Visitor: 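Quick one: the structure is below, questions incoming.
Atom set for the values below is all heavy atoms of this structure, side chains included, hydrogens, waters and symmetry mates excluded. Because the structure is a prediction, the values reported are computed rather than measured. Along the sequence shown, residues are numbered consecutively beginning with 1.
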Amino acid sequence: MRLAFAVPFALVLACADGFPDTATLDIGTSFDTSTSTSTSTTFSTTFSTTFDTTGDPTTTGSSTSTTSSTSTTDEPPDSLRQYDLDDDGQPETDMSLGTCSQSSDLTCLRVDSDLVPVLEVSLSPLPDQCDGNFFGAPRITLIGDHDGDGLSEVAARHCRFDGVQGPPSLAVVTLPTATVSARADAPAAQDNAWTDDLRDPQGLRHPFLAPSYGDGDNPQGNWGRLCVYRPDLPPAEGCGPGFSAIPTLLAPGEFREVGGTLQDLDGDGWEDINLVYHRRQHTVSAATLSLVHDLEYDVAAASEPQSPKWFHSGRNYGTHSAVVGGDGQQRLVVVGGAPVGSFGDDLCNVSRFLAVLESSPGQPATRKLAWSTYFSFSSTIFKTYDPIYTDNPMAAVARLADAVDGCIHRFGDSRTVMDGNEVLLVNYFAMDAPVDLCLDEQFALYQPPTWTDAKADAWYGCFAKNRKASGKWGMQVVDERTGLGLTGSQQTYVWGWSDQLRPGEIVCLVEYLPPTTLWDLSDVAPSALQVQALVGGLWQSRGTFPVAGRPKLQQRVPTGAQGVGSYTTFAELTLHSGDPAGVELEDGTIVAHDPVSDAWLVR
C-alpha cells in the first residue's frame, strides 16, 4: 500500500510491494484506449451531470461530450431566452442545433430572436452525429462583436456524419446576414476534438478546434494542428476561412490527452492554450500562432525513484486548474483522481497523484514542476511481454498493480482554504489487500491477437473485483504552494464543501465511516452527514444533518481555466438559494442551516 505522506493525526501504514528499477515497456496508448474515462456511469450516489447524451446541450447552455451514435435533438429553440446578442444585459435570443426544415439530412443553427428575422442557418449538408468525443465548451456560444455590426457572432459546434464517420466542425455564424462567415473542420479520420473560446485583450472570444485524445499516435493519421478563429488574418491551409493554424504535432508518439486549460502564461493579455499531453504541458499562443512554452515533467519521480521510469506513461488525466496563487505565482494545479462518489470506476483515473506547475507572471520560461506527490497506479507494469512468461506473468513484473490502493476522490478541483492558506483536500483509500490483481488476464492482453474485446472484457471484469477490497477511506490536506502535508483524518469521506451554507465560513460535509469498509462503500448505509470546519488543522464540528443521506452531486463539464486531461468532470454540490441556502441530498431532501437556532433543518 502506498500512502503519499504522513499527516499529524492520520494512522499511516506501509508495506513493500515495489520491484527493482528495471526497464519497462511503455504500454502507452493500447492501455489508454480503454482506461481514459475517469467517470463511470455507475455510482453509489446520485449524480446530476451537465453532459447531454442527446448531443444537444443548447437548451441549457451547458457543455457536452457526444459519444458514439449521438446526434442533436430535433426540437426547436426553447421559448426561454438565453443569449444576449447585443450585450445589453437582457437575453433576447434562443438557439439550438437540429435538422434543417428543408431536409432532415442537413444540420442547421435554428434561431428564435427579437433582433434578427433569421429562422435557421445551414451549417452542414450532413447530419450532426459524432462517432467520437466532442469535448469542451458548449455547442453554442457567443463570441462578441468581431465585425462591428452591433451583434455578437455565434460559435456553433457540430459533427458531420457521412454514415461511417462523424468528425467535428466549428462554424462562426453572422446572424444578421444568416451566413457562416468562418469554419474549421477536423479531418475525416479524427473522431475526437477539444474546443473552447479564449479571450483577447479587448474581451472578444476566439473559438478554436483542437485535436483531442489519441492524436500523435492515431493509426488513421494524425491531425497535427489546431484551428483558432482569427478573422483578421489570412485563412490557414487545413483550417478554413477565418481560422488560423497552430502546430500541435510534437515528436513521434507524443500522445495527446483529452483537453487542456486557458491561461495567459506570457502576460500579453491573450489567454494562451495549455494542451495536455502524456508527460507534458504544451502551451501555444493565439496571438502569435506559435509556441509559448513546452514542459516535460514526471509526477512520479520524486515519490518513486526506484520504480521504472515512466511506468505511468506520463498520464496527465484528472483536473488541471490554471490559477494565480496568493503569492502572485501562476500555477497549474493537477489532481490525478476521480470525482467524489465515483464508486463504479475502480480504475480511479489510472494514475493517482497531486502536482503543481508554477511560473512567474509573464515569464513562461520559468515554468517548472514545483512539486508532485504520487499515490498509486491502477494496473501492473511488466518489463516484458515475452510469451515465455505466459504461464508465470509474475516473473515478468516490473511494478505490481496498486488496484484501488491510493485511489483519490476529488471534490471540484480539490482546491480550498484552511486557516487562510490555499490548500488541496482529497479523499484517498488505503487498501488492506487486493481481491485479485488479474496478472494472467492482463498479460494475455499483449499476446497476439492483442487487445481483443474478449481479452479486454476478461481483464476488466476480473479487475473490477477490487471494488470489494477492504480498507480505510480518509482525507489529506496539502499546502498548494509547497505540497507539504498539513493534516488528515481516517474513517472519513468528504463529499464536498461550500461557503454558502454557513456564510463567512467554508464547511465540509463529512461522512464518518467504520474502521474498515469496502472500497465502494457498498457495505455502509448512508448516515447523517457531519458538518465540519477545518481550523488549525483539526476538524471542528458545526453540527449534524437531521436526516441520513449522501448529497446529490452535479457534474460540471470543464471549460476555460478549469480544464481536464481526461473525459472527466468537476463534482459539485446541488445548492439551493434562499434564506437560508440549502444543499440537496440524493433523495431530494434539502437541508439548510438556521442561524437563529444554529441548527441544521430540513427545508
Visitor: Okay, side chain of Ser152, backbone of Leu142: is any donor-acceptor separation there less than 3.5 Å?
Guide: no
Visitor: Looking at Gln532 and Val510, what are the two nearest heavy atoms and their distance?
Guide: CG-CG2, 3.8 Å
Visitor: Side chain of Thr141, backbone of Pro138: donor and acceptor closer than 3.5 Å?
Guide: no
Visitor: Looking at Ser181 and Val172, would you say the former's side chain and the latter's main chain have a donor-acceptor pair under 3.5 Å?
Guide: yes
Visitor: Any donor-acceptor pair under 3.5 Å linking the side chain of Trp223 with the backbone of Ser212?
Guide: no
Visitor: With sequence neighbours left out, write down each residue that passes side chain to side chain donor-acceptor pair (under 3.5 Å) with Thr319, or none if nothing qualifies.
Guide: none
Visitor: For Arg502, give me all partners under salt bridge (Lys or Arg N to Asp or Glu O under 4.0 Å), at least two apart in sequence or on another chain.
Guide: Glu505, Asp598
Visitor: Give, for atom SG of Cys130 and atom CZ of Arg160, the distance between the pair rounded to the nearest 0.5 Å.
Guide: 10.0 Å
Visitor: Just jot down the salt bridge (Lys or Arg N to Asp or Glu O under 4.0 Å) partners of Asp579, sequence neighbours excluded, or say none.
Guide: none
Visitor: Just by distance, do the side chain of Asp419 and the backbone of Asn421 share a donor-acceptor pair under 3.5 Å?
Guide: no
Visitor: Are the side chains of Gln82 and Pro91 in contact, using a 4.5 Å heavy-atom criterion?
Guide: no
Visitor: Can you list everything that forms a salt bridge (Lys or Arg N to Asp or Glu O under 4.0 Å) with Glu120? Sequence neighbours excluded, please.
Guide: none
Visitor: Any sub-3.5 Å donor-acceptor pair from Arg183's side-chain atoms to Phe243's backbone N or O?
Guide: no
Visitor: Please examine the side chains of Arg556 and Thr569, heavy atoms only from C-beta on, and report whether any two atoms are closer than 4.5 Å.
Guide: no
Visitor: Please identify each residue that fulfils salt bridge (Lys or Arg N to Asp or Glu O under 4.0 Å) with Arg331, with sequence neighbours left out.
Guide: Asp327, Glu358, Glu422, Glu480
Visitor: With sequence neighbours excluded, what pairs up with Phe570 under the ring-ring contact (aromatic ring centres under 6.0 Å, His included) test?
Guide: none
Visitor: Should the pair Asp587-Lys552 be classified as a salt bridge under the 4.0 Å nitrogen-to-oxygen rule?
Guide: no
Visitor: Between the main-chain N or O of Gly337 and the side-chain N or O of Arg410, is there a donor-acceptor pair closer than 3.5 Å?
Guide: yes
Visitor: Apply salt bridge (Lys or Arg N to Asp or Glu O under 4.0 Å) to Arg110 and Asp94, showing your working.
Guide: CA-CA 8 Å; Arg110 299 184 299 189; Asp94 197 43; over 6 Å; no
Visitor: Apply disulfide (SG to SG under 2.5 Å) to Cys227 and list each qualifying residue two or more places apart in sequence or on a separate chain.
Guide: Cys239
Visitor: Which residue pairs pass the salt bridge (Lys or Arg N to Asp or Glu O under 4.0 Å) test when at least one of the two sits in residues 231-245, sequence neighbours left out?
Guide: Arg230-Asp232
Visitor: Would you please classify the geometry between the His206 ring and the Tyr229 ring as parallel, tilted or perpendicular, with 30° and 60° separating the classes?
Guide: tilted
Visitor: State, to 0.1 Å, how close Ser124 and His158 come at their nearest heavy-atom pair, and which atoms those are.
Guide: CB-CE1, 3.6 Å
Visitor: What residues, two or more places apart in sequence or in another chain, satisfy side chain to side chain donor-acceptor pair (under 3.5 Å) together with His282?
Guide: Asp294
Visitor: Do Asn133 and Val258 come within less than 4.5 Å of each other through their side chains, counting heavy atoms only?
Guide: no
Visitor: Holding to side chain to side chain donor-acceptor pair (under 3.5 Å), I want the full list of residues that pass it with Gln263, two or more places apart in sequence or in another chain.
Guide: Asn274
Visitor: What is the minimum heavy-atom distance between Phe134 and Thr195, and which atoms define it?
Guide: CE2-CG2, 3.5 Å
Visitor: Between atom CZ of Arg550 and atom CG of Leu585, what is the distance when rounded to the nearest 0.5 Å?
Guide: 11.5 Å
Visitor: Could you pull out the closest heavy-atom pair between Glu92 and Asp88, with the gap in Å?
Guide: OE1-OD1, 4.2 Å
Visitor: Can you name the side-chain contact (heavy atoms from CB on, under 4.5 Å) partners of Pro247, sequence neighbours left out?
Guide: none
Visitor: Verify, without hydrogens or angle tests, whether Arg256 (side chain) and Pro211 (backbone) share a donor-acceptor contact under 3.5 angstrom.
Guide: yes
Visitor: Do Val547 and Val591 make a side-chain contact, defined as non-hydrogen atoms from C-beta onward lying under 4.5 Å apart?
Guide: yes
Visitor: Any chance the rings of Trp194 and Phe208 have centres within less than 6.0 Å?
Guide: yes
Visitor: Report the residue from Asp197, Asp128, Asp196 that forms a salt bridge (charged side-chain N to carboxylate O under 4.0 Å, His left out) with Arg157.
Guide: Asp197
Visitor: Given Leu151, which partner from the list Asp87, Leu175, Leu115 fulfils the side-chain contact (heavy atoms from CB on, under 4.5 Å) test?
Guide: Leu115
Visitor: With a 4.5 Å cut-off on side-chain heavy atoms, are Phe545 and Val583 touching?
Guide: yes
Visitor: How close do Val228 and Leu289 get, heavy atom to heavy atom, and via which atoms?
Guide: CG1-CD2, 4.0 Å
Visitor: Please answer whether the main-chain N or O of Thr288 pairs with a side-chain N or O of Ser285 as donor and acceptor at a distance below 3.5 Å.
Guide: yes
Visitor: With sequence neighbours excluded, what pairs up with Ser103 under the side chain to side chain donor-acceptor pair (under 3.5 Å) test?
Guide: none
Visitor: Say whether, by atom type as modelled, one donor and one acceptor occur between the side chain of Thr107 and the main chain of Leu126 under 3.5 angstrom.
Guide: yes
Visitor: If you compare all heavy atoms of Gly224 against all heavy atoms of Asp215, which two are closest, and at what distance to 0.1 Å?
Guide: N-OD2, 3.1 Å
